[in-house]
Amino acid sequence: MGGTLAHTQEKLAATAAEHGGLIWAIDALQPEGHGTLLYVLYEVLSGTPVSAIQLPQAQGQQLIEWLQPYQKLRYKVLATLSEGDSAIIAAMNSSWPDAPHQRCQAHFLSNLSEAVLPLDTKLRQQLKADLDGMPKVPEFSERPQGPGSEQQQDSLPFFFFFPICHET
């Protein structure tokens with residue numbers, strides 16, 4: 001990965017031309033599940049990974065220094081995107097102060113769901129226990145039919161006999 005490689009530059013230029021600029025994002029990954037983090041800078045609209053740095057933890061000044069070469073690229077930055085880590089947000093705001101920053105929706109929803117999931121599971125289990133004893137609702141085709149007719153008139157929907165007309 002490298003923001004100065006020719007093919008990466010071509011992707012960034014094409015994306016900037018198509019969308020009027022770039023959206024930068026940083027995601028922190030823990031490949032081993034513990035230890036140092038791998039911070040990846042990528043362009044969102046094209047999905048192009050541009051650079052990565054491995055740090056024991058997010059430290060604002062190190063992230064700002066890492067972003068400097070990409071800050072100098074000639075493309076307009078439409079926005080920045082990251083998880084909620086304050087050091088990452090500060091580094092992105094420092095590098096691209098005119099670009100609005102947004103927290104990654106996937107991270108936000110994931111963090112939100114962590115608190116809700118146990119309650120949702122409990123509610124689902126309670127509803128299942130409460131509703132298990134109820135009889136199944138018959139399908140329209142399973143409803144009893146009158147002798148000699150394919151369907152009883154009262155089993156047909158109301159709107160079948162009284163269509164809505166808009167006459168003026």
Shortest non-hydrogen contact from [X] toward [Y]:
{"X": "S94", "Y": "Q71", "result": "O-NE2, 4.2 Å"}
{"X": "T15", "Y": "S46", "result": "OG1-CB, 3.1 Å"}
{"X": "G20", "Y": "L78", "result": "O-CD2, 3.7 Å"}
{"X": "H101", "Y": "L81", "result": "CE1-C, 3.8 Å"}
{"X": "L22", "Y": "A16", "result": "CD2-N, 3.8 Å"}

Can you check whether [X] reaches [Y] side chain to side chain, under 4.5 Å on heavy atoms?
{"X": "L29", "Y": "V40", "value": "yes"}
{"X": "Q9", "Y": "L5", "value": "no"}
{"X": "L12", "Y": "V50", "value": "yes"}
{"X": "W66", "Y": "I26", "value": "yes"}
{"X": "L63", "Y": "L55", "value": "yes"}
{"X": "L67", "Y": "W96", "value": "yes"}
{"X": "W24", "Y": "M92", "value": "yes"}
{"X": "I23", "Y": "V77", "value": "no"}

If two hydrophobic side chains count as joined below 4.5 Å and joins carry through other members, does I64 share a cluster with I89? no
Does D27 form a side chain to side chain contact (heavy atoms under 4.5 Å, CB included) with E83? I'd like the steps, not just the answer. CA-CA 7 Å; D27 204 356; E83 59 186 63; 3.5 Å; yes
Taking atom CG of N93 and atom OG of S86, what is their separation to the nearest 0.5 Å? 11.0 Å
How many angstroms lie between atom CD of Q62 and atom CD of E65, to the nearest 0.5 angstrom? 7.0 Å
Are side-chain N/O atoms of S51 and Y70 paired as donor and acceptor at under 3.5 Å? yes
We want to know whether T48 and E43 form a side-chain donor-acceptor pair, criterion being a heavy-atom distance below 3.5 angstrom. no
Under a 3.5 Å distance rule, please check whether S95 uses its side chain to pair with a backbone N or O of A91 as donor and acceptor. yes
